[in-house]
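In listed order, ligands and their atoms are each counted from 1. Keep in mind the model is a prediction, meaning the values are calculated, not measured.
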Amino acid sequence: MAPTVTGPKIELHVHLEGTVRPATLLAMARRNNEALPVRTEAELTELYRFRDFSHFIQVWVMTTNVMRTEADFRQVVVDYAAQAAAAGAVYVEGIFSPWYRVHRGVRVEEIFHGYLDGALEAEARYGVQVRLTPDIDRVLPVDAAMEVADWSARFARRDPERLIVGLGLGGPEAGHPPEPFAPVFARAREAGLAAVPHAGETVGVESVRGALDMLGARRIRHGVRAIEDPALVRRLADEGIVLDVCPVSNLRTRSVTTLEEHPLAELRAAGVACSLGTDDPAMFGTDLETEYAVAAGLGVPARELYAAGVAGALCEEPVRVGLRKLGEATDWDAVERAARVAAPAALARIGAVAL
Ligand SMILES: O=c1[nH]cnc2c1ncn2[C@@H]1O[C@H](CO)[C@@H](O)[C@H]1O
């Protein structure tokens, strides 16, 4: 767990399927005989210019369908761990969505074993600790969501390393509120899996409240639209609910208009703990270094992002203690000076260059 010059990082919000770089995605499509509407990296990059959030989800579901084998899933997590570790990541909670794969004929064992083995290989090779949170697409009927919870519980119980730590809820928030999924997250909780739903990304305060009250959310993925209600912001701060914020994602899906008006700085100023994630870095043209430079440009100190990561991580206590000690041993003044230097270029690149 050696810190780099850019400082140690904890990433709690990254969809592993969305980390696959264009060349690898095209190779997977070829070897699995999966059709894509594009054939070159340039065309794929063009496909990743999202008109809005629902267009993004449509492209996400279509392109991630090319991942089919245990070897694919293992490669996805190992490749991403290499990239994240190079940017200073010491702990990553990776998200994956098993339902679509299973319903296109992939065995559930291949998916879970691929990611679980990949997580162990990632730690052995790159020193980054990986934990996993399977995700439910909120467009699914409750009984299908329950299946995902049951798979997650089954593999979590069998896994001596306890790498599956939570259950998520993702996809389009509008028209798909959290409340019906309360029994699903209750089932997951019985199996020791924490609730880490998306909320407050494309829908406002009612979605965040529902995630807290009905799902027992331990953290909220995104959560940025909580800013619309000062009482909710106070509640998040008081209850120590960590938001896993992904600024470049919000820009790319047009959930915010410009990075300058992203609520991260305001949330943090109000005392809400925010961790920083890339969400779907290969699809959003971002990476951890870029997100940290963007955050520095918004005036958010890296040490606070790290502390939020320590507080929000779903790992076992000894790992959390290790992460906290690493934070205490870090020269954050130097890290933050370097991040401030990198900030203007990152903001200009992300803001000015459309994907
Ligand atoms: O930024 C995001 N917000 C919500 N869901 C996302 C995001 N990125 C990837 N997914 C994934 O999209 C799948 C299909 O809807 C969901 O399962 C979710 O995990």
Does the distance from a Lys or Arg side-chain N to an Asp or Glu carboxylate O, for [X] and [Y], drop under 4.0 Å?
X    : Y    : answer
K325 : E328 : no
R254 : D52  : no
R131 : E161 : no
D229 : R209 : yes
E316 : R162 : no

Practice problem: Kindly confirm or rule out an N or O of Y100 lying under 3.5 angstrom from an N or O of ligand 1. | Solution: no

Do any nitrogen or oxygen atoms of W60 come within less than 3.5 Å of a nitrogen or oxygen of ligand 1?
no

Distance to 0.1 Å, residue and atom name: give those for the protein heavy atom nearest to [atom].
atom                    : value
atom 2 (C) of ligand 1  : E201 OE2, 3.6 Å
atom 19 (O) of ligand 1 : D135 OD2, 2.6 Å
atom 8 (N) of ligand 1  : D280 OD2, 2.7 Å
atom 7 (C) of ligand 1  : H15 NE2, 3.5 Å
atom 17 (O) of ligand 1 : S97 OG, 2.9 Å

Answer with yes or no after comparing the ring centroid distance for [X] and [Y] against a 6.0 Å cut-off, counting only values under it.
X    : Y    : value
H113 : F155 : yes
H15  : H198 : yes
F284 : F56  : yes

Test of understanding: given a 4.0 Å heavy-atom threshold, classify the contact between E17 and ligand 1 as side chain, backbone, both, or neither.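 Within the 4.0 Å criterion, E17 makes no contact with ligand 1.
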
Any heavy atom of F53 under 4.0 Å from ligand 1? The part involved is side chain

Say whether [X] and ligand 1 are in contact under the criterion: heavy-atom distance to a ligand atom below 4.0 Å.
X    : result
W99  : no
F96  : no
E173 : no

### Task
Could you go through the side chain to side chain donor-acceptor pair (under 3.5 Å) check for S255 and N250 one step at a time?
CA-CA 5 Å; S255 304; N250 297 148; 4.6 Å; no

Correct closest heavy-atom pair for V128 and A81 would be CG1-CB, 3.6 Å

Check: of G171, P197, C246, min heavy-atom distance to atom 4 (C) of ligand 1 comes from G171

task: Would you tell me which option among D137, T133, D279, V14 has the nearest heavy-atom contact to atom 1 (O) of ligand 1?
output: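 Ranked by closest heavy atom to atom 1 (O) of ligand 1, first place is D279.
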
For H222, the atoms of ligand 1 under 4.0 Å from one of its heavy atoms are 1 (O)

